[in-house]
Amino acid sequence: MQEQWRVYGKKADFRGISEKFHIDQVTARIIRNRDFVEDEDIREYLHGTLADCDPPFLMKGMEETVEILGKKISGRKFIRIIGDYDVDGICATYILLKALERLGAEVDYDIPDRIKDGYGINMRLIDQAASDGVDTLLTCDNGIAAKSQVAYAKTLGMTVLVTDHHEVPFEEEETGEKREILPPADVVINPHRSGCGYPFKLLCGAAIAYKLAQALYETWGLSRAELSPFVEAAALATVCDVMLLRGENRILVKEGLKRMADSQILGLKVLMEVNGLHAEALGCYHLGFVLGPCLNAGGRLETAKKSLSLLLSENKFEAHRLAGELKELNERRKSMTEKGVEDAIYNIEETDIKNDDVYVVYLPECHESLAGIVAGKIREKYNHPTFVVTKAESGLKGSGRSIKAYSMYEHLVSCQEYLTAFGGHPMAAGISLPEENLEAFRAALNKSSGLLEEDFVRQVWIDVPMPFAYVTEELLSEFRLLEPFGNGNEKPLFAQKNLLVRKKSLIGKNKNVLKFLFSDERGMNMEGILFQNVQETDQLVEEGDRISVTYYPELHEYMGRKSLQLQVQSCQPERRLEEGKRLIEGRERIEGRKSHFRLPMESGETIIGEEAE
């Protein structure tokens, strides 16, 4: 995959920001690169708390939902929560169940089976609810596209309350205007609805459940402190659903991580223990790539109810059993995913799929629950929108992952004639279709993709072209103010040109980490470590080469000793020097020392590619 390195050239009074907020000018530049300009926005970014989040009653339908639930609770009516089988749906169900139980509701839950039921509320779940005497259905993380299902529940006399965060289905009028298609529920809460006055639209399903719990607790006069475990659950879901870490999302994750250091959710604490995680050092990586996959594994390979049971567990023995089983399921899922990725790459490279704008890869043997993960890994490798389609009990099912230049959901709307069902976001989607429609669907997507060659070139945005001699422990400590890092608030990226590769070696049990010793032009040495594209880079870069690198500085601790090192993201060879060979052979010794220089504070220089404003 091609890369273009580009340096942000956004202007601001970096000295003024530095002095006003008592931060380094490098930190000020990073904040400006994230498009925070006004003082209040910068303050919230650096020091925002839950108090900076908007009141839940600004959300359209919130007041009516609280009123209806109040009447149902006082009337001892049976409420059933219908969740979803991913981390977001599991956490949303946990929040609503615990909140309604706290208020004395007669409430239980159901979660669709990924294979048997598919996504969201469906006729079987509704029939089961009617048979069980359920009065009210409350959805979370699903329901916005369930027009016929909700209508059916209404014919059975049930009250239906929908809470969801997915895109609202629409029809395009002849005039080109979009007309919303809402399910005929008693109330629909979704910040994407037209006319919804809630300022922040990008909440996940569990975060909307948290806002509903907050509204209920405020109405009942309960303490905000009791919402603490719900903040943890909403934070976990926000990261695992890959929501943008901006505004309220970032605050929720920051506050959730703080609370997880002494979690009030026993099952979550035990899951951390089983995975060898230290709660006080927890970050977004651990939520998204360790804990989240374990919870997701239940819904993928068995039942999501096992994952929810873990979060609800109040018995440590039971929690350890469930956490261990989920960890084992996740290990199984990993090996199945690796096989799916290998098969997908083979299909792309050996067929004309590689010439498409949008990859539609058919893997009939791939477990349908893994299609989205495989699609994501293929998207990462090739930077093309990707659908992975598998054989299901009835027809085909698939999941898609997109790139920024391609709104996946909107393009599915234009190709819906080939589909029996679809839904999702601009960056991800799920589909169902008859097998005979697969090639026509692929052709239609590619005919209308609107993508250009430059859309497939991965843009690498560099915050500051910063020599590593500027890095100090104090600066690294200050960067913690910018956390948590993730989608929409990426970890800062720095770059340096003309580094000499004095040494390199493959390390680790599986030789899957590349370690460097670099020297800069002033003779300062620093180690670097690379975790991705290791084999390719090892072949590309040789000792004695001069290279440019993008990196993030970190503090490395080993046997009680601390040292600064570079976590290398990518590198580009510049030239091979005889001088470098001599240095590697040890004929000349370069002493590492701190160099004094003035860090450029004006518009950054271009490393590779063109400068961008």
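Values in this document were obtained by computation on a predicted structure and should not be read as measured data. Atoms considered below: every heavy atom in the structure, side chains included; atoms not considered: hydrogens, waters and symmetry mates.
- Between Asn249 and Leu203, some side-chain heavy-atom pair lies under the 4.5 Å cut-off.
- Side-chain atoms of Gln532 come within 3.5 Å of backbone atoms of Gln569 as a donor-acceptor pair (strictly under, hydrogens ignored).
- By the 6.0 Å contact criterion, CD on Glu365 is open, its count of non-hydrogen atoms from other residues, nucleotides or ligands being 12 or less.
- We find that Arg321 and Glu325 are joined by a salt bridge, their nearest charged nitrogen and carboxylate oxygen being less than 4.0 Å apart.
- Between His384 and Tyr359, the ring planes are parallel. Angles under 30° get that label, and only those over 60° would be called perpendicular.
- At a threshold of 4.0 Å, the pair Lys334-Glu331 counts as salt-bridged, since one of the basic side-chain nitrogens sits closer than that to a carboxylate oxygen.
- A 6.0 Å sphere centred on NZ of Lys447 holds no more than 12 heavy atoms belonging to other residues, nucleotides or ligands.
- In this structure, NZ in Lys178 is found 13.0 Å from CD in Glu171, a value given to the nearest 0.5 Å.
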Q) Are Val358 and Phe387 close enough, and set up right, to give a side chain to side chain contact (heavy atoms under 4.5 Å, CB included), and what steps lead you there? A) CA-CA 8 Å; Val358 182; Phe387 285 92; 4.1 Å; yes
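- Here the closest heavy-atom approach between residue Asn489 and residue Pro484 is recorded as ND2-O, 2.8 Å.
- By the neighbour-count criterion of 12 heavy atoms within 6.0 Å, atom OH of Tyr346 is sparsely surrounded, having that number or fewer from other residues, nucleotides or ligands.
- In this structure a side-chain-to-backbone donor-acceptor pair under 3.5 Å is present from Arg379 to Ser402.
- Separating the CG atom in Asn33 from the CD atom in Glu490 is a distance of 11.5 Å, to the nearest 0.5 Å.
- Electrostatic pairing of Asp110 and Lys305 counts as a salt bridge here, judged by a charged N lying under 4.0 Å from a carboxylate O.
- Residues Thr550 and Ser570 bring a donor and an acceptor atom of their side chains to less than 3.5 Å of each other.
- Using a cut-off of 4.0 Å between Lys/Arg side-chain N and Asp/Glu carboxylate O, Glu554 and Lys491 are scored as not salt-bridged.
- A donor-acceptor contact shorter than 3.5 Å links the side chain of Thr163 to the backbone of Thr139.
- Ion pairing between Glu393 and Lys116 fails under the 4.0 Å rule for side-chain N and carboxylate O.
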Could you please spell out the steps behind the side chain to side chain contact (heavy atoms under 4.5 Å, CB included) verdict for Tyr85 and Thr303?
CA-CA 8 Å; Tyr85 41 66; Thr303 171; over 6 Å; no
*Applying side chain to side chain contact (heavy atoms under 4.5 Å, CB included), run through Leu326 and Ser307 and close with a yes or a no.*
CA-CA 7 Å; Leu326 288 170; Ser307 303; 3.6 Å; yes
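- Rounded to the nearest 0.5 Å, atoms CG (Leu245) and CD (Glu483) are 11.5 Å apart.
- Ring planes of Phe485 and Tyr552: perpendicular class, angle over 60° (limits at 30 and 60°).
- Using cut-offs of 30° and 60° for the angle between ring planes, the Phe479 and Phe494 rings count as parallel.
- Donor-acceptor pairing under 3.5 Å is recorded for the side chains of His166 and Asp164.
- The backbone N or O of Val501 sits nowhere less than 3.5 Å from a side-chain atom of Asp545 that would complete a donor-acceptor pair.
- Donor-acceptor pairing under 3.5 Å is lacking for the side chains of Asp84 and Asn142.
- Counting only distance, with no hydrogens or angles, the side chain of His411 and the backbone of Tyr406 share no donor-acceptor pair below 3.5 Å.
- Under a 3.5 Å cut-off, the side chain of Asn296 and the backbone N or O of Val87 do form a donor-acceptor pair.
- In summary, of the residues considered (Leu363, Val361, Leu396), a side chain to side chain contact (heavy atoms under 4.5 Å, CB included) with Val389 occurs for Leu396 alone.
- Formation of a donor-acceptor pair under 3.5 Å by the Asn446 side chain with backbone atoms of Arg442 is found in this model.
- Closest non-hydrogen pair, Pro492 versus Asp463, comes out as CA-OD2, 3.3 Å.
- In this structure, Lys339 places its NZ atom where only 12 or fewer heavy-atom neighbours from other residues, nucleotides or ligands lie under 6.0 Å away.
- Between Ala146 and Pro183, the closest heavy-atom pair is O-CB, 3.9 Å.
- Aromatic pair Phe518/Phe468: centroids not less than 6.0 angstrom apart.
- A donor-acceptor pair is defined here as one N or O able to donate and one able to accept, closer than 3.5 Å; no such pair exists between the side chain of Arg502 and the backbone of Leu517.
- Counting heavy atoms of neighbouring residues, nucleotides and ligands inside a 6.0 Å radius, atom CD of Glu453 does not exceed 12 of them.
- In this structure, the side chain of Lys504 does not engage the main chain of Glu543 through any donor-acceptor pair within 3.5 Å.
- Asp241 places no side-chain N or O within 3.5 Å of a backbone atom of Met243 that could act as its donor or acceptor partner.
- A 6.0 Å sphere centred on NZ of Lys306 holds more than 12 heavy atoms belonging to other residues, nucleotides or ligands.
- Each of Asp356, Asp455, Asp357 was evaluated against Ser449; a single residue qualifies, Asp357, per the side chain to side chain donor-acceptor pair (under 3.5 Å) test.
- Closest approach of Asn347 and Thr351 over heavy atoms only: O-OG1, 2.5 Å.
- Heavy-atom minimum distance, Ser432 versus Lys397: OG-CG, 3.7 Å.
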key: Verdict with reasoning, Val360 to Ile353, per side chain to side chain contact (heavy atoms under 4.5 Å, CB included)   = CA-CA 7 Å; Val360 179; Ile353 292 175; over 6 Å; no
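- Checked against the 6.0 Å centroid criterion, the rings of Phe422 and Tyr409 qualify as a close aromatic pair.
- Nearest heavy-atom pair, Thr390 versus Ala371, reported as atom, atom and distance to 0.1 Å: CG2-CB, 4.1 Å.
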